[in-house]
K.L.:
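Before anything else, here's the structure in question.
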Amino acid sequence: MGMTITEKILADHAGLDKVEPGQLIQVNVDFALANDITAPIAIERFHEAGAEKIFDPHRLALVPDHFVPNKDIESAVQCKLLRDFAIEHNLPHFFEVGRMGIEHALLPEQGLVLPGDVVVGADSHTCTYGGLGAFATGVGSTDLAAVMITGQTWFRVPASIKFVFQGNLRPWVTGKDLILYTIGQIGVDGARYRTMEFTGPVIAQLTMDQRLTIANMAIEAGAKNGIIVPDECTRAYVDERAQRAYRFYNSDADALYEEVMTFDVGEIEPQVALPPSPANSRPVSSLNEIPIQQVIIGSCTNGRLEDLRLAAQLLAGHRVAPGVRCLIIPATQAIYRRAVDEGLFSVFLEAEAAISTPTCGPCLGGHMGILAPGERAVATTNRNFVGRMGHPESEVYLASPAVAAASAILGRIAGPEDL
Amino acid sequence: MKLAGKAWKFGADIDTDAIIPARYLNTSDPVELAKHCMEDADPEFALRVSPGDVIVAGRNFGCGSSREHAPMAIKAAGVSCVIAASFARIFYRNSFNMGLPILESQKAAIDIATGDRLELDLSTGTIVNTSRHTTYQAQPVPQFMQELLASGGLIPHVMKRLRD
């Protein structure tokens, strides 16, 4: 019996020839990360344990991205804790405001996380790097502290579910629509404890930006990791960035899957996930006049260059509807720079959208776009739980940058075809 | 390890934003976090919960973010144990690492109502509902995990072992 890509990566990092779902293994970690919310606790645990050294300072990134630029005194104190720790331990990968980005957009862009890696991050959306063909998963701060000290952690090998996407994509359907649709089919615990492996001719045609979007939301179905077998598209992306050697793994033809689900993407329209669950996804055309007050285009899910280009394509020659605030948040400094160079900012400014420095800010109701009671937002983010973007009586509708831009122009939830 | 308290019932898919909203994550002080525990699911909870009380919920408890602040807030609020039909994986791991006992039982999750008096034995996995004279069986917590919980979580546990 063969192995899946996830099983092969885990076996190699555990020094074993073969692993099976359910097996408990100890693995070597290639890269670890934490942010301004999770690192303070990890650093506290690191000190409590009496540790003095990071297992390898080149394999740890600290990225203040959630509540930066510091939103209040408490946040400033948390960020300072990371900064002081990074200086004390000579960490080369501490990313300060002005040089930073949202962690899950930044680390692939900088070539710090690579195909074939085991990546552990104190942030649930660490699963994003599965889009590169890595095994990447979120853990809590205490688990991360142990990795910071030892460079190792333990896992139970997950069973895999294979998702096969075939057929022809309809206009305006993106990676975001495919993952929202998939979560809608299986539910928020449909892949709990398991691997979501995304395959098929449609995935092979997707750009890296879209693949990262898909893997990013595997956690929203409860998955341990999401993964896409790397190919030439991955190689082209990685070769110009990689800061160390990487390895491509694939899944054997006779690998064992707990379940195989096949979707004909020709049936999938642009999607919107209604609050309060990412699994409440519907075709945008099925929604009647739902007025909105805010649009967010950004986040670790959809703040990459391609997302901004898509938003600009729709916003060009239009204005954000009266009564709507449209915030655009490029996910990293490099994306921000490229967006300026390509003239996207002019389009956004002429459309009367606001542009922010990179931050997770509004996605988790931190700052930069908090909702009042009764307000409704369309966001390209990943969670629409109660109170996620502000007051518990506000609402978040999840969608692609195309649907978000069209909604901003029309002042109601709408698809690009409604323009 | 034996625990007792009254039940607080919640539904399925209780996410970490409901357990501790991100707007309060500019601190990791357990006392501050406890003041907002479960706030967006039940604004009265943090005010009315008593030491030893038990959270009882449906499937996929703790889904969403990896924030360790979630089990931390629950523990600091005085809750002695969470019983759910199932747990999201990061929350499950974080709970033991934090020293927060958790038990999985579908039947208990369905049957127990808010206000029921519960007696729990982690070593046998038995949940006795003294209000309804019913007993439910969960997977027992193995001895080494009970020791981990008794130490107050993974780091204190490892340090204790290093000292002994």
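Chain letters run A, B, ... following the sequence lines, proteins first, then strands; residues in each count from 1.
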K.L.:
Can you tell me how far apart CG (L103(B)) and SG (C81(B)) are? Round to the nearest 0.5 Å.
P.N.:
4.0 Å
K.L.:
Is it the side chain or the backbone of I37(A) that comes within 4.5 Å of chain B heavy atoms, both, or neither?
P.N.:
both
K.L.:
Which one wins on heavy-atom pair count under 4.5 Å against chain B: D72(A), D123(A), I41(A), T38(A)?
P.N.:
I41(A)
K.L.:
Please flag which part of D40(B) lies under 4.5 Å from any non-hydrogen atom of chain A: side chain, backbone, both or neither.
P.N.:
both
K.L.:
Just wondering, are more than 12 heavy atoms of other shown residues or ligands nearer than 6.0 Å to OH in Y92(B)?
P.N.:
no
K.L.:
If you count heavy-atom pairs under 4.5 Å between each of G365(A), S141(A), A42(A), A76(A) and chain B, which one has the most?
P.N.:
S141(A)
K.L.:
Taking S281(A) for the side chain and L180(A) for the main chain, is one N or O donor matched with an acceptor at less than 3.5 Å?
P.N.:
yes
K.L.:
Please identify, among N382(A), T126(A), D143(A), the residue contributing the most non-hydrogen atom pairs under 4.5 Å to chain B.
P.N.:
D143(A)
K.L.:
What part of E48(A) gets within 4.5 angstrom of chain B, counting heavy atoms only: side chain, backbone, both, or neither?
P.N.:
both
K.L.:
For the interface with chain A, which of N94(B), T16(B), D13(B), D17(B) has the highest count of heavy-atom pairs at distances below 4.5 Å?
P.N.:
D17(B)
K.L.:
Examine whether an atom of L25(B) lies under 4.5 Å from a heavy atom of chain A, and if so say whether it belongs to the side chain, the backbone or both; otherwise answer neither.
P.N.:
both
K.L.:
Got a donor-acceptor contact below 3.5 angstrom from the Q139(B) side chain to the E104(B) backbone?
P.N.:
no
K.L.:
Short question: side chain of D36(A), backbone of D65(A) - any donor-acceptor pair under 3.5 Å?
P.N.:
yes
K.L.:
Let me know if S28(B) has heavy atoms under 4.5 Å from chain A in its side chain, its backbone, both or neither.
P.N.:
both
K.L.:
Under a 4.5 Å heavy-atom cutoff, which of I155(B), L154(B), V158(B) has the most pairs with chain A?
P.N.:
I155(B)
K.L.:
Considering only heavy atoms and a distance below 4.5 Å, find which of P43(B), S86(B), A18(B) pairs most often with chain A.
P.N.:
S86(B)
K.L.:
Counting only N and O atoms by type, is there a donor-acceptor contact under 3.5 Å from the side chain of R383(A) to the main-chain atoms of G64(B)?
P.N.:
yes
K.L.:
Can a donor-acceptor pair be found, under 3.5 Å and without considering hydrogens, that links the side chain of K160(B) to the backbone of S151(B)?
P.N.:
no
K.L.:
Hey, would you say the F155(A) and F135(A) ring centroids sit under 6.0 Å apart?
P.N.:
yes
K.L.:
Parallel, tilted or perpendicular: which describes the rings of H367(A) and F67(A), with under 30° parallel and over 60° perpendicular?
P.N.:
perpendicular
K.L.:
Report, in residue-number order, which members of residues 184-193 of chain A are under 4.5 Å from chain B by heavy-atom distance.
P.N.:
V188(A), D189(A), R192(A), Y193(A)
K.L.:
Do the non-hydrogen side-chain atoms of R89(B) and R156(A) ever get within less than 4.5 Å of each other?
P.N.:
no
K.L.:
Y24(B) pairs by side chain to side chain donor-acceptor pair (under 3.5 Å) with which of K35(B), E39(B), H69(B)?
P.N.:
E39(B)
